Amino acid sequence: MPELPEVEHVRRTLVPHLVGRSLTVQTIGRADVIRGADGHRFRRSCRLLRQRLLDGGTVTCLGRLGKHLWIETEGGRRLDVHLGMTGRLTLVRPGRSLTGVPHVHVTWRIGTREQDEYDRLVFQDPRRFGCLRPFGNGAGHQWVILDRLGPDGLTIKARELEARMIARHRPLKAALLDQQIVAGLGNIYVDESLHRAGLHPLTRCCAVNREQYVLLGRSIRAILRQAVVHDGTTLRDYIDSEGRPGRFRSKLKVYGRAGLPCLKCQQPLHTLQVAQRTTVYCPQCQPASL
DNA sequence: AGTTGCGCCTGTATGC
DNA sequence: TGCATACAGGCGCAAC
Ligand SMILES: [Zn+2]
């Protein structure tokens, strides 16, 4: 599932094929995956909607914060892409037919240069937890979503973590899943980060000391960095914009390994429900603190 | 205000 | 063989 490393890898694989090219909206299969700044879903395709989906714009850059990716075009139009659980942003080669491909919600034609490999960009999402969200850069710029995100997980500092968490009573895991505290972590990388830091997922944020926040910050950055290097984690659905899976799955130390021996201490890993999510941890390496 | 729980959504895996 | 059920989980919102 796309968390920060997967989104960053998608961004990097899109850059060489999109920057400097124009986009033309080709099909809108489901307008309701497109949401306004206030969160409302569009009901149907119209000229205004295509305009807001960067129609006719030339791509200047692709940005990312946490799990949010955005495409920017000349003139300052921007489109926030959130992949949710099963969203994909993929490039398609000339001549390849998309008829019969399920859950294709939006397609763009790429104004190609000579020797370009791809001539279309596709947004697919079977589960539809993902969405496309146009926003601008004007005075009333609707950065609403991005404004609410905490510091990016790849570079967040221990002091930033501490400042945002120290007064909270929530379990560590619940806080780390909260995108307003740190942007980019999901279930997989929270479990990996806590295991690396040796912290129990149910530990109250307010019971964590400075030294432990330093360790936690280091762990989050290190895990995310390594995952980016390995092009992210593919469990089943995730592929990058060129159709390639990530290679970080075999590096996971706790996620998906319930009952198997801890790779640090050989004790069997346990599971818990925290914040409505399956949580895998090592009772020995991540002792509960009272 | 901080925190918790629920529902959305579909493909895959499991049980009877 | 086929149907029912459980599970996966990011996020917005309701409720405490
Ligand atoms: Zn251990």
Side-chain angles (χ1 to χ4, degrees), chain A residues 1-8 10 29-43 64-70 80-89 100-105 123-133 135 142 144-150 152-153 163-194 201-208 224 227 232-239 245-246 249 252 254-259 271-281:
Chain A
M1 28 234 69
E3 302 179 29
L4 184 153
E6 293 75 30
V7 177
E8 174 61 14
V10 168
R30 287 196 72 118
D32 63 359
V33 302
I34 305 154
R35 311 181 69 154
D38 59 357
H40 83 272
R41 293 170 179 276
F42 286 85
R43 303 183 69 85
R64 182 194 59 78
L65 179 56
K67 302 173 193 174
H68 290 258
L69 166 71
W70 66 88
D80 172 18
V81 180
H82 196 280
L83 297 175
M85 275 282 289
T86 53
R88 287 176 177 177
L89 206 50
V101 177
H103 309 301
V104 171
H105 304 317
F123 177 68
Q124 281 175 274
D125 186 10
R127 221 161 289 184
R128 305 207 302 277
F129 282 8
C131 66
L132 303 177
R133 215 182 283 254
F135 64 106
Q142 307 113 329
V144 188
I145 302 298
L146 298 177
D147 272 347
R148 275 206 273 262
L149 296 177
D152 193 72
R164 286 160 183 272
M165 295 167 74
I166 194 67
R168 308 301 191 91
H169 285 239
R170 319 156 82 180
L172 270 181
K173 172 152 182 177
L176 294 176
L177 286 169
D178 183 342
Q179 303 300 299
Q180 298 189 47
I181 299 209
V182 46
L185 297 177
N187 204 35
I188 297 174
Y189 297 114
V190 166
D191 280 7
E192 295 299 314
S193 299
L194 288 171
L202 285 176
T203 311
R204 303 279 158 185
C205 295
C206 55
V208 174
L224 293 176
T233 302
T234 295
L235 299 174
R236 198 175 50 224
D237 297 306
Y238 168 74
I239 51 171
R249 186 180 186 175
L252 296 174
V254 283
Y255 183 91
R257 299 194 65 249
T271 57
L272 267 177
Q273 284 291 124
V274 186
Q276 289 81 242
R277 275 163 196 101
T278 300
T279 300
V280 188
Y281 73 105

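Just the heavy atoms: all of them, side chains too, but no hydrogens, waters or symmetry mates, feed the values below. Note that the coordinates shown come from a computational prediction; the quantities given were computed from them, not determined experimentally.
Here A/Met85 lies in heavy-atom contact (under 4.0 Å) with a base.
Contact check, A/Thr86 against B/dC9: no side-chain N or O comes under 4.0 Å of OP1 or OP2. Taking side-chain N and O atoms only, A/Arg148 has no distance below 4.0 Å to OP1 or OP2 of C/dC11.
In this structure, A/Asp32 and A/Phe42 have side chains that are not in contact, with every pair of non-hydrogen atoms separated by 4.5 Å or more. Within the 4.5 Å cutoff, the side chain of A/Tyr255 has no heavy atoms near those of the A/Tyr189 side chain.
Sorted by first and then second residue, the pairs that involve residues 175-190 of chain A and meet salt bridge (Lys or Arg N to Asp or Glu O under 4.0 Å), not counting sequence neighbours, are A/Arg170-A/Asp178.
Evaluation of the side-chain hydrogen bond (donor to acceptor under 3.5 Å, both in side chains) rule for A/Arg64 yields A/Glu8, A/Asp152 as partners, not counting sequence neighbours. Applying the side-chain contact (heavy atoms from CB on, under 4.5 Å) test to A/Thr234 and every residue at least two apart in sequence or in another chain returns A/Tyr238, A/Pro245. With sequence neighbours left out, the side-chain hydrogen bond (donor to acceptor under 3.5 Å, both in side chains) criterion links A/Thr278 to A/Gln273. Applying the side-chain hydrogen bond (donor to acceptor under 3.5 Å, both in side chains) test to A/Thr86 and every residue at least two apart in sequence or in another chain returns A/Asp125. Residues forming a side-chain contact (heavy atoms from CB on, under 4.5 Å) with A/Arg249 (at least two apart in sequence, or on another chain): A/Thr233, A/Leu235, A/Leu252. For A/Arg133, the side-chain contact (heavy atoms from CB on, under 4.5 Å) partners are A/Arg35, A/Asp80, A/Cys131, A/Ile145, not counting sequence neighbours. The side-chain contact (heavy atoms from CB on, under 4.5 Å) test applied to A/Ile166 returns A/Glu162, A/Tyr213, not counting sequence neighbours.
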Pairs: protein N or O with nucleotides 10-13 of chain B N or O, under 3.5 Å:
from   : atom 1 : to       : atom 2 : distance (Å)
B/dT10 : OP1    : A/Arg128 : NH1    : 3.1
B/dT10 : O2     : A/Arg127 : NE     : 3.2
B/dG11 : OP1    : A/His103 : NE2    : 2.9

List, with names and distances, any nitrogen or oxygen atoms from the protein found under 3.5 Å away from nitrogen or oxygen atoms belonging to nucleotides 14-16 of chain C.
none

### Where protein sits on nucleotides 1-6 of chain B, one letter per nucleotide: B base, S sugar-phosphate only, - none, heavy atoms under 4.0 Å
--SSB-
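Rounded to 10°, the angle separating the first-five-pair axis and the last-five-pair axis of the helix from B/dG2-C/dC16 to B/dC16-C/dG2 equals 50°.
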